[in-house]
Amino acid sequence: MKIPKKNRDLTRCVRRRDLLRLIGFLLWVALLVCGALFYNHEHQTYPDYRRMVGWRMAVWVIAALFSGVLIFRIWKFFTDHSFSGTIVDTGISRSWGASDDPGGAANYDFRLKTSLKVRTEKGDLCHIRFEQKPGFYLYYHEGNRITHFRGLPYPINTDPTASNGYVCAVCGHHSKDYTDICPTCRHTLIDPAELGKN
Ligand SMILES: [Zn+2]
């Protein structure tokens with residue numbers, strides 16, 4: 001499942017994020033390694049055990065790579081992929097403000113992670129976690145079909161029976177009616193009706 005052609009800005013957004021993450025990782029590693037080389041250069045008269053040479057340098061480079069992978073979440077390049085599936089379980093608090101206007105978000109603002117357990121078309125069970133936003137308890141329901149797009153945090157409800165509004169795949173803004181542009185982040189909204197027309 002690919003991002004619809006209509007939502008070119010989302011494809012660009014994912015590419016830009018990938019590129020920034022990669023550049024950040026490379027800069028981080030380069031900074032630490034160059035720092036060590038500079039230290040060695042500045043302390044040439046020191047004995048080897050006080051300089052970053054041999055195994056010390058090797059450990060330093062490994063530590064730089066390892067911390068860079070953690071900070072810039074490099075594993076996402078390999079583990080994140082687009083998929084469709086059915087929600088088996090949602091970790092959404094439904095009690096919160098259920099009687100108030102959930103889409104309006106005027107009177108409350110809470111930040112918890114939403115955790116969806118999804119049975120994919122291949123039969124695998126996978127978990128997606130993303131920041132919870134107002135209106136999600138109307139939008140993500142057990143039994144609904146959703147599509148997750150690689151690089152975009154918020155999956156789209158693609159269930160033909162769903163009538164729970166629309167969510168922006170980039171910022172998670174929930175709106176009852178479909179608009180071309182997300183009012184919060186100005187990215188285009190993915191229209192579930194457009195999916196599969198590529
Ligand atoms: Zn948005």
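Everything numeric here is computed off the predicted structure, so don't read it as measured data. In each ligand, atom 1 is the first atom listed, and ligand 1 is the first ligand listed.
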Measuring centre to centre across the rings, with the benzene-like ring taken for any Trp, is Tyr140 within less than 6.0 Å of Phe130? yes
Using the Zn ion (ligand 1) as the apex, give the angle to atoms SG (Cys185) and SG (Cys168), rounded to 10 degrees. 100°
Is the distance between the Zn ion (ligand 1) and the nearest N/O/S atom of His173 smaller than 2.8 Å? no
Would Phe136 and Tyr154 count as a close aromatic pair, with their ring centres under 6.0 Å? yes
With a 4.0 Å cut-off on N to O distance, would you call Asp18 and Arg15 a salt bridge? no
I'd like to know if the Zn ion (ligand 1) has an N/O/S atom from His187 within less than 2.8 Å of it, counting both backbone and side-chain atoms. no
Do His141 and Asp159 pair up side chain to side chain, a donor and an acceptor below 3.5 Å, judged on atom types alone? no
